[in-house]
There are 2 protein chains.
Amino acid sequence: MELSERKKKILRAVVESYIQTAEPVGSKALAELAGLKVSSATIRNDLADLTEQGYLEQPHTSAGRIPSPKGYRLYVNELMEEQRLSLEETKQINEALHLKMQELDKVIGQAGRMVSQLTNYPAFALAEGSRRLTIKRFDLILVDSASFIAVVMTDSSVVKNKLFRLPADLSEPQLQLLTTLLNTAFVGKTLDQLTPELMRVAEHAAGGSYGLISLVVSFAMEVLDALENSPVYTAGASHLLDHPEYQDVGKAQKLMSYLTEDRSLAQALALPALEGDDTKILIGPENVADELKDTSVVLASYDIGDGMKGVIGVVGPTRMDYAKVAAKLSYVADGLSKLFGQPELPPSAPEKEE
Amino acid sequence: MELSERKKKILRAVVESYIQTAEPVGSKALAELAGLKVSSATIRNDLADLTEQGYLEQPHTSAGRIPSPKGYRLYVNELMEEQRLSLEETKQINEALHLKMQELDKVIGQAGRMVSQLTNYPAFALAEGSRRLTIKRFDLILVDSASFIAVVMTDSSVVKNKLFRLPADLSEPQLQLLTTLLNTAFVGKTLDQLTPELMRVAEHAAGGSYGLISLVVSFAMEVLDALENSPVYTAGASHLLDHPEYQDVGKAQKLMSYLTEDRSLAQALALPALEGDDTKILIGPENVADELKDTSVVLASYDIGDGMKGVIGVVGPTRMDYAKVAAKLSYVADGLSKLFGQPELPPSAPEKEE
DNA sequence: GTTTAGCACTCACGCTCCCTGAGTGCTAAA
DNA sequence: TTTAGCACTCAGGGAGCGTGAGTGCTAAAC
């Protein structure tokens, strides 16, 4: 059954007032607040209906109403107005987006911290590849006769390196040979194609070179593994305590440790975002994880390029300023997409063309 | 004035009981608890003396005594017995110490997380170089005609790389030239010796190569800067809420945001450790930062090698199990020192000598 | 001089009781 | 269908009170 216009107006007013004050809203307050020209008694009747239909809840008989998850859902779907960010807000975000382009994981972590700061809620960030990665090329750099640097580059254009120190001597030609071998045998293989047998064969071809092949390939595997299973970064957990719903230390404690410790589980919470494209809002019981049953999550995803997607999100009480948070989040996500889209030649030093 | 044996025993009993229970300790409880063969009345007299001398405090007239910072200090200096870790505990730590050798900053962050988990207090970790770093060598790897990888290695043997994409063509000989130039002009220079003039000169020598020199050197400077001013990693802030002294959300909130946000200030808190060698304990007002006035900090430092030192520490209420925490911390620090001391050939793959 | 027993005193904590006021649901009139 | 009126409910806050742990002091015992 479709709600009447007035009831929608009332529901919306309840939600917005409750978001602001965290106090149950009464009929009298609503009569004055919303542009309704009816008396509090009328509103009371409507409130009773809305409560019966499950959109509102009553903490106790003699208190006002608060929105139920169902109420929030309706609000988010139909009643909420897209929040436009103020000039100041966009400026603030734009400034924050001027992050130094560093290694991918650092940037992701920074994005999380930024979002947390912008919204005053705990935030998390993660990246996920939609496909299996492979190594595109290997390079070995001789440092001195007892050490060399291995540089590997994935097909997603991430480059990682590691310094190896050896117990024995090493020469340039040897290294050349190894490089060639690596580049023939191990390029273009996904993580589980890099089998021990493959290594043994290559090792054999290399002759007696102290298992260097395995050493470098193990490193490459670590790199692939780290990229494919990159962790979830969380930031600003302490912001939880800003909000009255977490004055109860026990509650705060539970949620907080879920957010900061349980990294593997935290991943579950972002999966929904990887399907759709734009901003997603998950309200209370809509979350799969039990720990988030009275918590809401707002998610936005962005494009990293090379088949990778990033997700940033914010966690907070169901009484959350969805409009504002969603607006900020999607603005940030857009910004990040653009950032990753542009070529690597950084804006920091293009003016060197004298 | 030196305290009598009995008074010391009493003080110690008060501290240890309070550390366990977080409840003020009364004379009767003490009479039974400590191996003192005197009555509660006698103890009351001693307690009164200890209170007068500032070692103990009384929350209110009809409550027992709790240790003052001065009392904790005496306890830590003279009365505390070195805690020996149980077999299980050392085993647990040893297992945790098997961290994958990754990039330095990752390892440091992990160490912090580990310590927090071991002690159930928030922990932080940082690294600090005692000297100015320089770049030891540059390598450029041509990927294709429009991109190359720059690899820089510092004199502390840290290697970093970055992929550059270019708007224009590039050839192997060009790159060779650039490499030589970089290795002659910019090696061995500290951050502030890498002046714009130096770059301009080198740029000139390189001819028209799109400011590539500056690009790479800027990257090198970023690397040096990041290493010299590496951030403070904090972990497990939510553990604060485990302890009754932070049931007051306001307090917890304050300290927590100090720990997690205010990274620059958090550095101040670790400086003391960089002077001495072994474990350091800072009790309440001994801390410089105002936010830590009723908080204690336990610090341990370890050797990273190449002139770098690491510090790990733990933050908690003054009622902290100093003996245990200090023992764990110094055990971990020792472990880390050893870990960094050993050659890079990792223990993970030495068995490849078929 | 030190230790002990005894005793009066203090005061946080938890309990109940009570009042207040916001907010409700219902009824009857407009 | 809306409104005014009214009785009812109930959380929250304050006052008052009893309890008990713990104290300081005094006077006797060692």
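Below, chains carry the letters A, B, ... as their sequence lines are ordered, and counting in each starts from 1.
Side chain to side chain, B:Q83 and B:Y322 fail the donor-acceptor criterion of an N or O pair below 3.5 Å. Side-chain contact check for B:S17 and B:Q20: no donor-acceptor pair (N or O, by modelled atom type) lies under 3.5 Å. A donor atom on one side chain and an acceptor atom on the other are not found under 3.5 Å apart for A:E89 and A:Y331.
Other residues, nucleotides and ligands place no more than 12 heavy atoms under 6.0 Å from the NZ atom of B:K254. The environment of NZ in A:K28 is sparse: at most 12 heavy-atom neighbours from other residues, nucleotides or ligands sit within 6.0 Å.
Taking 4.0 Å as the cut-off between side-chain N and carboxylate O, A:R319 and A:E245 count as a salt-bridged pair. Salt-bridge formation is not detected for the pair A:R65/A:E57: no Lys NZ or Arg NE/NH1/NH2 atom is positioned less than 4.0 Å from an Asp or Glu carboxylate oxygen. B:R12 has a carboxylate O that lies under 4.0 Å from a charged side-chain N of B:E81, or vice versa, which qualifies the two as a salt bridge.
Within 4.0 Å (heavy atoms only), B:A63 reaches sugar-phosphate atoms of the nucleic acid but no base atom. In this structure, B:T61 reaches the sugar-phosphate backbone alone: every heavy-atom distance under 4.0 Å involves primed, P, OP1 or OP2 atoms, never a base.
Atom NZ of A:K7 is separated from atom C1' of D:dT1 by 12 Å (rounded to the nearest Å). Nucleotide D:dA11 holds its P atom 11 Å from the CD atom of A:Q58, rounded to whole Å. Put simply, CD on B:E32 is 13 Å from C1' on D:dA21, counting in whole angstrom units.
Each of B:I43 and A:R44 has a nearest nucleotide on DNA chain C; the 5'-most of these lies closest to B:I43. Mapping B:N45 and B:G64 onto DNA chain D by nearest heavy atom places B:G64 closer to the 5' end of the strand.
Annotation: salt bridge (Lys or Arg N to Asp or Glu O under 4.0 Å) contacts of A:D294 (sequence neighbours excluded): none.
Contact footprint of chain B on DNA chain C: nucleotides with an atom under 4.0 Å from a non-hydrogen protein atom, first to last in 5' to 3' order, C:dT3 to C:dA12.
Proximity of A:R6 to the phosphate of D:dT2: a side-chain N or O atom is located under 4.0 Å from OP1 or OP2.
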Query raised in the report: Would you write out the dot-bracket form of DNA chain C, 5' to 3', with Watson-Crick and G-U pairs under 3.5 Å, [ ] for crossing pairs, | for pairs to other strands and . for unpaired bases?
Result: ||||||||||||||||||||||||||||||
